[in-house]
Amino acid sequence: MTWGVIATGGIAHAVTADMLKAGVQVGAVSSRDIAKAQQFAEKFGIPRAYGSYHELLADPDVDIVYVATPHGQHHEVVLAALDAGKHVLCEKALALTVAQAEEMVERARSTQQFLMEAMWTRFNPLIQKIAQAVADDEIGDVRLIRADFGFRHAFDANDRLWAKEAGGGSILDLGVYPVSLAHLLLGVPTEIHAHGSLAPTGVDADAGILLGYEDGAQALLSCSLTADTGASATIVGTKGRIDIPESFFNPTRAIINGVEHVIEDGGYTHQIESVEAFWVMGFIEHTDMTWTDSLEIMRILETALGQLGVSYADVTR
């Protein structure tokens, strides 16, 4: 199985390093700037560098692509990759809108190609241990989840985190993590309430999201590009609690009912190894991050964005 990496930003560097650590074969990389692709290829020992993702998708030796572009390009690139017969691991959030995500999932189904949103957190051994502890009733019925992810990022209209056409804003880039954690442990909420502020570019600068569930459980979540909220999480049940110190989306330490659990390495290797295993078995959908999971999370994100007055309709036409 040979991987291709589309885009050469910071996340691509981090994931590719862990790909090599996991022992997978990375055969090609692409960037709109061929010089950046060549530098990236030289750094990681990748044999082929391309100046566009179309060229990479035409490479017959590439089996699966890791899409590391900004959110605003996910829909276009993923559809092209699936149509080219490539399997896809796409960075989160999967798309800008539910409609885009639904089209991507339907295309994967019709082409019978593997597609997964790269929510690496769900493959972290501690997160899996936490999910199992909740399922095994170790903390009783979950009544409250608190999770935050925020940092100060100077405003620049051309920065991808602030640019609307790139899918900028705190919810799609940061809020997807606490929402995904709540979804993993509590499922689909019956109520969604969001409050926050907007940047001059029309994207959300920060947001507080309250998710309510049929049994009265709640998730209090926040994300911010304007304040350093940290990135910890707490899960409180009727019989106990779980604390995940920073960073909850890539934990190496968690406390379950007062007992500390530690792993040496989080990172992206667990996700990469699991995707490879599913691909070898012939699956087109991963059971730990299903298409339904991605669509349900996307609906929560889109609802929260809508309540803040953010719509990406003007950049997805």
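For this chain, numbers begin at 1 and follow the sequence in order.
- In this structure, Thr238 OG1 and Ile139 CD1 are separated by 8.0 Å, a value rounded to the nearest 0.5 Å.
- Judged by distance alone, the side chains of Thr269 and Asp18 never bring a donor and an acceptor atom under 3.5 Å apart.
- Note: the hydrophobic cluster containing Val236 does not contain Leu185 (ILVMFWY, side chain heavy atoms under 4.5 Å, direct or indirect links).
- Criterion: ILVMFWY side-chain heavy atoms under 4.5 Å apart, direct or through other members. Under it, Val275 and Leu20 are part of a common hydrophobic cluster.
- The aromatic rings of Phe151 and Phe149 sit perpendicular to each other, their planes meeting at more than 60°, with 30° as the lower class boundary.
- Side-chain atoms of Asp204 come within 3.5 Å of backbone atoms of Ile171 as a donor-acceptor pair (strictly under, hydrogens ignored).
- Going from atom CD1 of Ile6 over to atom CG of Leu89 covers 11.0 Å, rounded to the nearest 0.5 Å.
- Remark: Arg143 CZ is packed, more than 12 non-hydrogen atoms of other residues, nucleotides or ligands lying under 6.0 Å away.
- In the model, Asn124 has no side-chain atom that pairs as donor or acceptor with a side-chain atom of His270 under 3.5 Å.
- Expressed to the nearest 0.5 Å, how far OG1 of Thr16 lies from CD1 of Ile46 amounts to 5.5 Å.
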Derivation of the side-chain contact (heavy atoms from CB on, under 4.5 Å) call for Arg48 and Asp61:
CA-CA 11 Å; Arg48 297 179 299 284; Asp61 294 328; 3.7 Å; yes
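- Between the CD1 atom in Ile11 and the OG1 atom in Thr69 there is a gap of 11.5 Å [rounded to 0.5 Å].
- Between the His74 side chain and the Ala93 main chain, a donor and an acceptor come within less than 3.5 Å of each other.
- Under a hydrophobic-cluster definition in which Ile, Leu, Val, Met, Phe, Trp and Tyr are linked whenever side-chain heavy atoms come within less than 4.5 Å, directly or via other members, Val65 and Leu115 are assigned to the same cluster.
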Can you check side-chain contact (heavy atoms from CB on, under 4.5 Å) on Asp314 and Lys164, steps first, answer last?
CA-CA 9 Å; Asp314 56 338; Lys164 194 171 186 182; 3.4 Å; yes
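- In this structure, Ser247 contributes its side chain and Asn250 its backbone to no donor-acceptor pair below 3.5 Å.
- Looking only at side-chain heavy atoms (C-beta outward), Leu172 and Leu305 come within less than 4.5 Å of each other.
- For the pair Glu302 (side chain) and Ala99 (backbone), a donor-acceptor distance under 3.5 Å is absent.
- One distance of note links CZ of Phe123 with CD of Glu273; it measures 11.5 Å at 0.5 Å rounding.
- Judged by distance alone, the side chain of Asp228 and the main-chain N or O of Arg152 form no donor-acceptor pair under 3.5 Å.
- In this structure the side chain of Leu174 never reaches within 4.5 angstrom of the side chain of Ser224, judged on heavy atoms.
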Which is it for Ile127 and Leu184 under the side-chain contact (heavy atoms from CB on, under 4.5 Å) test, yes or no, and what are the steps along the way?
CA-CA 10 Å; Ile127 293 296; Leu184 174 66; 3.7 Å; yes
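- Considering only heavy atoms from C-beta on, Asp265 stays 4.5 Å or farther from Thr252 through its side chain.
- The side-chain heavy atoms of Phe248 and Pro178, taken from C-beta on, include a pair separated by under 4.5 Å.
- The closest side-chain heavy-atom distance from Val203 to Leu161 is not below 4.5 Å.
- Taking CZ of Arg253 as the reference point, atom CD1 of Ile255 lies at 4.0 Å (rounded to 0.5 Å).
- Side chain of Ser110 to main chain of Arg107: a donor-acceptor pair is present (N/O by atom type, distance under 3.5 Å, no hydrogens or angles).
- Annotation: Glu42, atom CD; neighbour count of heavy atoms from other residues, nucleotides and ligands within 6.0 Å does not exceed 12.
- In this structure, Glu285 contributes its side chain and Trp291 its backbone to a donor-acceptor pair below 3.5 Å.
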Before giving the answer on side-chain hydrogen bond (donor to acceptor under 3.5 Å, both in side chains), spell out for Asp173 and His71 the whole-Å C-alpha distance, their side-chain angles and the decisive distance to 0.1 Å.
CA-CA 8 Å; Asp173 208 85; His71 317 310; 3.2 Å; yes
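- Judged by distance alone, with hydrogens and angles left aside, the side-chain atoms of Glu117 form no donor-acceptor pair with the main-chain N or O of Ser294 at under 3.5 Å.
- Ring centroids of Phe114 and Phe278 are separated by 6.0 Å or more, keeping the two rings apart.
- Inspection of the Asp293 and Thr290 side chains reveals an N or O donor paired with an N or O acceptor under 3.5 Å.
- For Gln271 (side chain) and Trp120 (main-chain N/O), a donor-acceptor pair under 3.5 Å exists by modelled atom type.
- Glu91 is listed as a side-chain neighbour of Tyr66, based on a closest heavy-atom distance under 4.5 Å.
- Checked against the 6.0 Å centroid threshold, His75 and Tyr312 do not count as a close aromatic pair.
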Could you go through the side-chain contact (heavy atoms from CB on, under 4.5 Å) check for Val62 and Lys86 one step at a time?
CA-CA 7 Å; Val62 171; Lys86 310 299 185 186; 4.2 Å; yes
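- Annotation: His195, atom NE2; neighbour count of heavy atoms from other residues, nucleotides and ligands within 6.0 Å does not exceed 12.
- Remark: Arg109 engages Glu106 in a salt bridge, criterion side-chain N to carboxylate O under 4.0 Å.
- Judged purely by distance below 3.5 Å, without hydrogens or angles, the side chains of Lys21 and Tyr268 never pair a donor atom with an acceptor atom.
- By the rule that hydrophobic residues join a cluster once side-chain heavy atoms approach within less than 4.5 Å of another member, Leu126 and Val142 end up as members of separate clusters.
- For the 3.5 Å distance criterion, the side chains of Asp206 and Ser197 qualify, holding a donor opposite an acceptor.
- Leu144 and Leu210 fall within the same hydrophobic cluster, defined by Ile, Leu, Val, Met, Phe, Trp and Tyr side-chain heavy atoms under 4.5 Å apart, directly or through other members.
- The aromatic rings of Phe155 and Trp162 lie perpendicular to each other, with more than 60° between the two planes, well past the 30° mark.
- Judged by distance alone, the side chains of His183 and Arg122 do bring a donor and an acceptor atom under 3.5 Å apart.
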